[in-house]
Amino acid sequence: QVRLEESGGGVVQAGGSLRLSCKFSGSGFKSYSMGWFRRLPTKEREFVAAIAWDGGSTYYARSVEGRAAIFRNNAKQMVVLQMDDMKPAETAVYYCAGYIGRGMRDEDESYTAWGQGTQVTVSP
């Protein structure tokens with residue numbers, strides 16, 4: 001019943017900014033902590049950022065600390081990832097994900113709801 005759908009992917013110039021949105025369809029959004037992951041072309045999926053159910057706490061991968069911001073709007077049932085200074089090595093499919101809980105986790109196996117992903121290509 002729950003469906004996640006990412007949007008905002010495309011081509012970004014190196015050094016430019018990225019803004020991805022995730023729409024949560026269904027019930028229970030406030031019960032979910034949310035996160036963003038990405039899968040590089042030849043690598044496994046990796047954690048990017050997470051946010052607690054009420055938006056009170058955030059957590060970032062070390063590789064994006066200082067460049068990324070995750071936030072959510074529970075009234076609109078959406079979560080956003082914003083990143084600055086994008087690098088060509090960050091070309092990947094970016095995924096929105098969620099799990100029922102109040103905390104934040106960086107293990108992809110902890111998440112139970114996933115979007116289909118959106119392609120982001122960072123042009124050098």
Does the side chain of Pro41 come within less than 4.5 Å of Lys43's, by heavy atoms? no
Nearest atoms (heavy-atom pairs only) where Ala14 meets Pro124: CB-CA, 4.1 Å
Partners passing side-chain hydrogen bond (donor to acceptor under 3.5 Å, both in side chains) against Tyr94 (at least two apart in sequence or in another chain): Arg38
Cluster check Trp114, Val93: I/L/V/M/F/W/Y, side chain < 4.5 angstrom: yes
Out of curiosity, Met104 CE to Ile51 CD1, how far, rounded to the nearest 0.5 Å? 9.0 Å
side-chain hydrogen bond (donor to acceptor under 3.5 Å, both in side chains) against Tyr59, all qualifying residues, sequence neighbours excluded: Asp106
Check: Cys22 and Tyr95 side chains under 4.5 Å, non-hydrogen atoms: no
With a cut-off of 3.5 Å and sequence neighbours excluded, list every side-chain donor-acceptor pair involving residues 65-83.
unit_1, atom_1, unit_2, atom_2, d
Arg67, NH1, Asp84, O, 3.2
Arg67, NH1, Asp85, O, 3.0
Arg67, NH1, Glu90, OE1, 3.2
Arg67, NH2, Ser63, O, 2.9
Arg67, NH2, Glu90, OE2, 2.6
Arg72, NE, Trp53, O, 3.4
Arg72, NE, Asn74, OD1, 2.7
Arg72, NH1, Tyr32, O, 2.8
Arg72, NH1, Ala52, O, 2.9
Arg72, NH1, Trp53, O, 3.4
Arg72, NH2, Phe29, O, 3.1
Arg72, NH2, Tyr32, O, 3.0
Arg72, NH2, Asn74, OD1, 3.3
Asn73, OD1, Ala75, N, 3.1
Asn73, OD1, Lys76, N, 3.1
Asn74, ND2, Trp53, O, 3.2
Gln77, NE2, Phe24, O, 3.0
Gln77, NE2, Gly26, O, 3.3
Gln82, OE1, Arg19, NH1, 2.7

With sequence neighbours left out, which residue pairs that include part of residues 36-92 fulfil the disulfide bond (SG atoms under 2.5 Å apart) condition? none
CD of Glu109: more than 12 outside heavy atoms within 6.0 angstrom? yes
Do the side chains of Leu20 and Leu18 get nearer than 4.5 Å, heavy atoms only? yes
To the closest 0.5 Å, what do you measure between OG1 (Thr121) and CE (Met86)? 10.0 Å
Extract all donor-acceptor atom pairs below 3.5 Å that involve side chains of residues 4-11 and protein atoms in other chains or at least two apart in sequence.
unit_1, atom_1, unit_2, atom_2, d
Glu5, OE1, Arg3, NH1, 2.9
Glu6, OE1, Gln116, N, 3.3
Glu6, OE1, Gly117, N, 2.9
Glu6, OE2, Cys96, N, 2.8
Glu6, OE2, Gly117, N, 3.2

Approximate separation, where rounding is to 0.5 Å, of Tyr99 OH and Glu107 CD: 8.5 Å
With rounding to the nearest 0.5 Å, note down the distance linking OG in Ser33 to OH in Tyr111. 7.0 Å
Which heavy-atom pair separates Gly98 from Met34 by the least distance, and what is that distance? CA-SD, 3.7 Å
Check whether the ring centres of Phe47 and Tyr60 lie less than 6.0 Å apart, and answer yes or no. no
Which disulfide bond (SG atoms under 2.5 Å apart) pairs, counting each pair once, include a residue from residues 25-54, with sequence neighbours left out? none
